[in-house]
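Written out below as C-alpha cells is the structure these notes cover.
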Amino acid sequence: MDVAGVTVPHADEVFVAGEWVPVDGEYRIVSPSTGRPVATVGLPSVKHAQAAVEAARTDGLASWAEMPVAGRVEICARFCAAMEARLDDMGTVWAVESGMPVRYSRTLHRFAAVGAWRTLLDSAEDVLRDTVRGSALGDVVVRREPAGVVAAIMAYNGPLVTMASKALPALLAGCPVVVKAAVESQLIMRIIAECAAGAGFPAGALSILCGDVEIGRELSANPHVDMVSLTGGRAAAQQIIESTRHRFARTHLELGGKSPALILDDADLTVVLKTLVPGATSGAGQICAALSRILVPERRHDEVVELLRQAWEGLRIGDPLDPRTQIGPVAAPSVVERAEGFVARAVADGARVVAGGRRPAGFDAGWYFEPTLVTDVARDSDLARNEVFGPVTAVLTYRDDEDGLRLANDTSYGLAASVYTADRDKGVAYARRIRAGSVAVNAFGPALTAPFGGMKGSGWGREAGPEGICEFTELKQILLGPSGGTGSAG
C-alpha cells in the first residue's frame, strides 16, 4: 500500500508474536486535513490480543526473559537502527493519519525518540547488572528480574516516542511486550512493526496491535498480563485499575496534565517566547506535557499578552505534509468540538479570547481549529482546571512570585511545568517546589534521556532514561549462606 509516496506494509495483517497474521476486521483511515478516506487496513480483534498474550506467556517468557541482557540490547539496537532509517517515512504517514505536521515530527522523533532509545541501549547492561552487598547473615546478591508480560497501551499523539520511552525499556528489562497502539496510528505502527520483524526478536517477545478500546480492555483484564503501562486519560486509567486490582497486577500510568508556564516578574520575554510558544502550541495542543496554563505577573499582564497574541497569530496553519506548517489539523472532529466547548464556557465565565477561537479562514475541509489564547481566566474555571488536549491555552495572573508558585501547584495534575526567570538559581529553587514530575527552567521539556512521569492526578511510575528500565523489573535478593561443598554430587 502506498500512502503519500511511502510504502506501508501488510495493510491487511497485524503483527502478533513476531509474525504477520491475517485479520477480518477493517478500519478506514480518514485524513484530518481533508476529512476524506485515504486507506483501509485490517483491524485486530480480541482473539489476536489473546494470542499475543499467550505467546508472550509461553514463548516470550521462555526465550526473551531468559536471554542475557547483552543479547536483548543487540536485538533492540537493530530494531532502533531500522526505525532511525525510516524516520522520514514515519513522519509522513503520521501526518496523513493524525494531522501532526512533518516539521513537528522531525524535531520530536530525532531529538526525543532517538535520544531516548540511545540512552536506553547505552545504559541497560549497567542498570540490570547484579550487585552484591554485605549483611550480618552473609552476602546478598541484589538483582533485577523482568516484571513479566507487559501490556503497553499508547495514545495517538506520539506513537514513536512512546515506543521509545515505554516499550523499549520494558523489552530491555526482559519483559515480553504486547503493544496496544491507538486505532488512529495504523500507518506509523505498521512501519514500526516492520522494523521489529527484521530485528530478530524471538517468538512472543513483541506484538503490535492497533485496535479499539476492546483490545485494551482484554489486555488489562487478561490474567496472564503481569503489568499494564498506559499513556492516556484518567477514565481509561480508572478502568485499568479496576481490571487489575483483583490479581494485584502492577500498573504504570501517564495521564496527561494541565502544565503551567510560570513567568516570574524578572523574566526576559525574548527568552520566554523561544520555548513557551512551541511548548504550548506544538501538536495543536494535543501533547500531554503542553504548557496549557501561562501564569503572568499582574503588572506585566498587558505586555506579556500582547507579545503572546502576536506569536499565536503568527503561527502558520496548513497542510501537515507542508514542511512550513507549524499547526495542522487536530486528530478528530471530537477534538474540535471539545476545544469549542472550552472556549465557549470560558467566555461565558468572563474570559476574553485574545487570539484564535474558531475554524481558520480558508480551511473548509478537515478538522482545523486556530491556536487559541484566552486571558482573564478565573482560577476555578473549567479552562483553568481541566485538560483540553487541543489548541486552547489559558492565561492567568498572580500577585507576586509566591502567589505564582501557589497558582502553579493549584491543579490536580502534576506532569510538567516550566519556570521563566532571569535568575537561573531562583528558577531551580522554584522548580524544586513545583509538584510535577518534569520541570524546565527557561526551557520546555521533558528530556526523554531522563525519567519522565507524573505526580498527583497525572499518574504514577516513570518511563524513559535508565530508571525507565527499572520500572519494568522486580527486585530480588539472594542471600548467600556458607558454601555446602566444593563440587557437585554427580
Between [Y] and [X], is there a side-chain heavy-atom distance shorter than 4.5 Å?
{"X": "Leu160", "Y": "Trp117", "result": "yes"}
{"X": "Thr372", "Y": "Trp312", "result": "no"}
{"X": "Ile327", "Y": "Phe369", "result": "no"}
{"X": "Tyr368", "Y": "Val330", "result": "no"}
{"X": "Glu254", "Y": "Phe452", "result": "yes"}
{"X": "Met227", "Y": "Glu471", "result": "yes"}
{"X": "Arg103", "Y": "Thr325", "result": "no"}
{"X": "Leu396", "Y": "Ile294", "result": "no"}

Main chain of [Y], side chain of [X]: is a donor-acceptor contact present, judged purely on distance under 3.5 Å?
{"X": "Gln286", "Y": "Gly283", "result": "yes"}
{"X": "Ser458", "Y": "Gly414", "result": "yes"}
{"X": "Glu125", "Y": "Asp122", "result": "no"}
{"X": "Glu184", "Y": "Ser98", "result": "no"}
{"X": "Arg300", "Y": "Asp265", "result": "yes"}
{"X": "Gln186", "Y": "Cys210", "result": "yes"}
{"X": "Thr421", "Y": "Asp423", "result": "yes"}
{"X": "Ser185", "Y": "Ala181", "result": "no"}
{"X": "Arg293", "Y": "Ala261", "result": "no"}
{"X": "Arg462", "Y": "Gly454", "result": "yes"}

Quick check for you: to the nearest 0.5 Å, what is the distance between [X] atom [atom1] and [Y] atom [atom2]?
{"X": "Leu291", "Y": "Leu262", "atom1": "CG", "atom2": "CG", "answer": "11.0 Å"}
{"X": "Leu276", "Y": "Asn442", "atom1": "CG", "atom2": "CG", "answer": "11.0 Å"}
{"X": "Asp212", "Y": "Arg217", "atom1": "CG", "atom2": "CZ", "answer": "8.5 Å"}
{"X": "Asp349", "Y": "Leu383", "atom1": "CG", "atom2": "CG", "answer": "9.5 Å"}
{"X": "Met455", "Y": "Asn409", "atom1": "CE", "atom2": "CG", "answer": "10.0 Å"}
{"X": "Asp322", "Y": "Ser33", "atom1": "CG", "atom2": "OG", "answer": "11.0 Å"}

Would you say CZ of Arg424 has more than 12 non-hydrogen atoms from neighbouring residues, nucleotides or ligands within 6.0 angstrom?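 Result for CZ/Arg424: open.
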What do you reckon, is CZ of Arg28 surrounded by more than 12 foreign heavy atoms closer than 6.0 Å?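 No, because the 6.0 Å sphere around CZ of Arg28 holds 12 heavy atoms or fewer from other groups.
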Nearest non-hydrogen partners of [X] and [Y], listed with the distance:
{"X": "Ala4", "Y": "Leu321", "answer": "CB-CD1, 4.3 Å"}
{"X": "Ala182", "Y": "Ala155", "answer": "CB-C, 3.8 Å"}
{"X": "Ile240", "Y": "Ser220", "answer": "CG1-OG, 3.4 Å"}
{"X": "Ala339", "Y": "Val388", "answer": "CA-CG1, 4.3 Å"}
{"X": "Pro371", "Y": "Ile317", "answer": "CD-CD1, 3.7 Å"}
{"X": "Val102", "Y": "Pro323", "answer": "CG2-CA, 3.9 Å"}

Identify the residue among Ile263, Leu295, Thr397, Val272 that makes a side chain to side chain contact (heavy atoms under 4.5 Å, CB included) with Val304.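 Option passing the side chain to side chain contact (heavy atoms under 4.5 Å, CB included) with Val304: Ile263.
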Checking side chain to side chain contact (heavy atoms under 4.5 Å, CB included) against Leu120, which of Val73, Thr449, Ile469 comes through?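 Running side chain to side chain contact (heavy atoms under 4.5 Å, CB included) over Val73, Thr449, Ile469 with Leu120 returns exactly one hit, Ile469.
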Please step through side-chain contact (heavy atoms from CB on, under 4.5 Å) for the pair Asp268 and Tyr420, ending with a clear verdict. CA-CA 8 Å; Asp268 181 339; Tyr420 292 95; over 6 Å; no
Trace of the side-chain contact (heavy atoms from CB on, under 4.5 Å) decision for Glu337 with Trp367: CA-CA 10 Å; Glu337 294 167 5; Trp367 305 314; over 6 Å; no
Go through the steps for Val3 and Met1 under the test side-chain contact (heavy atoms from CB on, under 4.5 Å), then give the verdict. CA-CA 7 Å; Val3 178; Met1 178 173 61; 4.1 Å; yes
Does Glu402 form a salt bridge (Lys or Arg N to Asp or Glu O under 4.0 Å) with Arg406? I'd like the steps, not just the answer. CA-CA 6 Å; Glu402 286 298 310; Arg406 286 191 293 272; 5.0 Å; no
Identify every side-chain donor-acceptor pair in residues 357-364 under 3.5 Å, counting partners at least two apart or on other chains, and give the distances.
| from | atom 1 | to | atom 2 | distance (Å) |
| --- | --- | --- | --- | --- |
| Arg359 | NH1 | Phe363 | O | 2.7 |
| Arg359 | NH1 | Gly366 | O | 3.2 |
| Arg359 | NH2 | Gly366 | O | 3.1 |

Could you walk me through whether Glu306 and Gln310 pass side chain to side chain donor-acceptor pair (under 3.5 Å), step by step? CA-CA 6 Å; Glu306 175 56 23; Gln310 294 174 24; 2.8 Å; yes
Pair up each side-chain donor or acceptor in residues 166-179 with any protein partner under 3.5 Å, not counting sequence neighbours, and list the distances.
| from | atom 1 | to | atom 2 | distance (Å) |
| --- | --- | --- | --- | --- |
| Lys166 | NZ | Ser229 | OG | 2.8 |
| Lys166 | NZ | Thr231 | OG1 | 3.0 |
| Lys166 | NZ | Glu463 | OE1 | 3.1 |

Salt bridge between Glu387 and Arg338, side-chain N to carboxylate O under 4.0 Å?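 So Glu387 does not pair with Arg338 through a salt bridge.
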So, Arg86 and Glu194, do they make that salt bridge, N to O below 4.0 Å?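 Result for this pair is yes, salt bridge flagged.
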Pi-cation contact, Tyr413 with Arg234 (under 6.0 Å, within 45°):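 Yes, Arg234 lies over the aromatic ring of Tyr413.
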Using the side-chain contact (heavy atoms from CB on, under 4.5 Å) rule, take Val335 and Phe389 through it: C-alpha gap first, then chi angles, then the decisive distance, then the call. CA-CA 8 Å; Val335 182; Phe389 212 70; over 6 Å; no
For the salt bridge (charged side-chain N to carboxylate O under 4.0 Å, His left out) test, which of Arg385, Arg379, Lys258 pairs with Asp410?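 When Arg385, Arg379, Lys258 are each tested with Asp410, the salt bridge (charged side-chain N to carboxylate O under 4.0 Å, His left out) holds only for Arg385.
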